[in-house]
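First comes the structure, then the notes that go with it.
Only heavy atoms go into these numbers, but all of them, side chains included; no hydrogens, no water, no symmetry mates.
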Amino acid sequence: MSEIQVGGYIRVPKGAIVYPTGDGVEAPSMRDQVVRVTNVFDVDVKSANFYLLLPDDMRLRYFEASGGKRPIDQDILEFTDRLTRGDYRAVEWSSKWALIADVQPAEPPTRAKAAEKTDKPAKKPLTKQQQMVTGSEWRFTQDAELRYKVRNPAYASTREDLASGLRHLPSHERMKAVDARLTELGVKDFLDEPWGPVRAGETFTVRSKLTSGIGGGQDVPMLFRGEKFTLPYASLEPFIELVTIP
């Protein structure tokens with residue numbers, strides 16, 4: 001650990017790729033901030049966090065491969081090798097982490113040491129989105145028509161058919177050509193569907209939260225309200241209030 005931190009601290013440089021380890025909502029990049037390392041862990045293909053390194057167009061193929069026990073596509077491995085610079089370790093602080101390739105050692109600043117001896121500033125109230133954690137219960141404050149995201153069954157087969165016809169191209173060019181053709185055909189990996197009406201006073205419990213890559217870059221909770229369904233936070237936020245938090 002000494003090679004990536006000094007006295008428990010690292011500095012996150014400009015442009016660092018930073019993700020949370022909890023509910024999967026992408027955090028803004030930390031810029032020139034000194035933080036204390038709490039953990040070092042692996043993000044290779046056997047880890048639960050590996051899919052967070054992948055762009056949306058690779059995630060479906062990665063899940064299909066890891067679930068089906070078949071080899072991971074070579075272009076996915078090449079992409080992550082470039083991203084991690086061959087070192088698949090990451091450092092964690094608070095609820096965020098960054099690839100080791102995107103951090104550099106730093107001495108803790110004097111102000112940081114002094115701050116430890118002074119009274120801690122009052123914490124800001126949690127936002128509604130921060131309170132939407134697994135197990136929390138929520139109430140609809142008004143009648144509304146909600147929408148949700150479902151996986152498009154035609155997406156995987158169409159992508160595979162297009163890729164099969166372009167095997168002569170290098171992997172990077174093949175991916176770009178397939179993505180362009182999917183866009184041209186209007187075939188999306190997720191479809192926006194009407195979920196149905198809700199009434200003021202109805203409640204639901206959050207089961208878990210999915211990554212920001214699902215639902216058009218939005219946080220997507222997996223909710224429980226008699227049955228499982230997924231909804232982007234943006235479609236819920238205007239109509240809900242917190243009842244209980246675990």
Side-chain angles (χ1 to χ4, degrees), residues 17-30 48-49 51-60 62-64 67 92-97 120-159 182-183 185-246:
I17 299 175
V18 178
Y19 299 91
T21 57
D23 293 325
V25 184
E26 186 172 356
S29 294
M30 310 298 288
N49 292 312
Y51 74 99
L52 289 175
L53 301 178
L54 304 177
D56 293 350
D57 60 302
M58 289 185 180
R59 284 182 180 166
L60 178 60
Y62 171 74
F63 280 124
E64 290 174 343
E92 180 182 4
W93 66 94
S94 181
S95 62
K96 300 179 177 65
W97 59 268
K120 293 183 179 179
K123 292 184 177 180
K124 295 181 180 180
L126 294 177
T127 65
K128 191 181 294 186
Q129 187 170 11
Q130 290 170 330
Q131 292 174 316
M132 187 172 272
V133 296
T134 301
S136 59
E137 185 179 357
W138 297 79
R139 178 189 299 115
F140 289 105
T141 57
Q142 58 183 284
D143 298 348
E145 292 284 340
L146 301 180
R147 304 184 69 84
Y148 72 122
K149 297 286 181 179
V150 295
R151 190 177 294 277
N152 183 358
Y155 180 81
S157 59
T158 304
R159 170 176 278 279
L182 287 170
T183 300
L185 294 173
V187 179
K188 299 180 179 179
D189 52 351
F190 284 85
L191 301 175
D192 186 31
E193 299 284 354
W195 182 81
V198 293
R199 299 293 181 186
E202 290 186 60
T203 61
F204 65 87
T205 302
V206 178
R207 294 174 60 98
S208 62
K209 288 167 76 176
L210 309 180
T211 68
S212 60
I214 298 174
Q218 301 179 67
D219 170 25
V220 184
M222 175 78 75
L223 311 175
F224 180 75
R225 179 175 162 267
E227 60 179 328
K228 288 184 3 179
F229 61 96
T230 59
L231 284 171
Y233 170 76
S235 70
L236 291 168
E237 195 273 337
F239 315 116
I240 59 175
E241 65 181 2
L242 179 67
V243 178
T244 60
I245 193 166

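In this structure, Tyr62 OH and Leu53 CG are separated by 9.0 Å, a value rounded to the nearest 0.5 Å. Between Leu223 atom CG and Thr203 atom OG1 the span is 11.5 Å, to the nearest 0.5 Å. A distance of 9.5 Å separates CZ of Arg159 from CD of Glu64, quoted to the nearest 0.5 Å. Taking CG from Leu60 and CG from Leu54, the interatomic distance works out to 11.5 Å, rounded to the nearest 0.5 Å. Interatomic distance, CD of Glu137 versus OG1 of Thr244, reported as 4.5 Å (0.5 Å rounding). In this structure, the separation between CG on Leu182 and OG1 on Thr158 is 7.0 Å, given to the nearest 0.5 Å.
Between the side chain of Glu237 and the backbone N or O of Ala234 there is no donor-acceptor pair closer than 3.5 Å. Within the 3.5 Å criterion, the main-chain N or O of Gly135 finds no donor-acceptor partner in the side chain of Thr205. Using modelled atom types, no side-chain atom of Lys128 and backbone atom of Glu241 make a donor-acceptor pair closer than 3.5 Å. Between the Arg59 side chain and the Tyr51 main chain, a donor and an acceptor come within less than 3.5 Å of each other. Counting only distance, with no hydrogens or angles, the side chain of Ser136 and the backbone of Met132 share no donor-acceptor pair below 3.5 Å.
Contact check for Ser235 versus Arg147: no side-chain heavy atoms found under the 4.5 Å cut-off. Under the 4.5 Å side-chain criterion, counting only non-hydrogen atoms from C-beta, Phe239 is not in contact with Asp143. Counting heavy atoms from C-beta outward, Leu146 and Leu231 have side chains that approach closer than 4.5 Å.
Between Phe204 and Trp138, the angle of the ring planes stays under 30°, which puts this pair in the parallel group of the 30/60° scheme.
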Report task. Could you check Ile240 against Thr141 for side-chain contact (heavy atoms from CB on, under 4.5 Å), going step by step and ending with a plain yes or no? Result -> CA-CA 5 Å; Ile240 59 175; Thr141 57; 5.9 Å; no
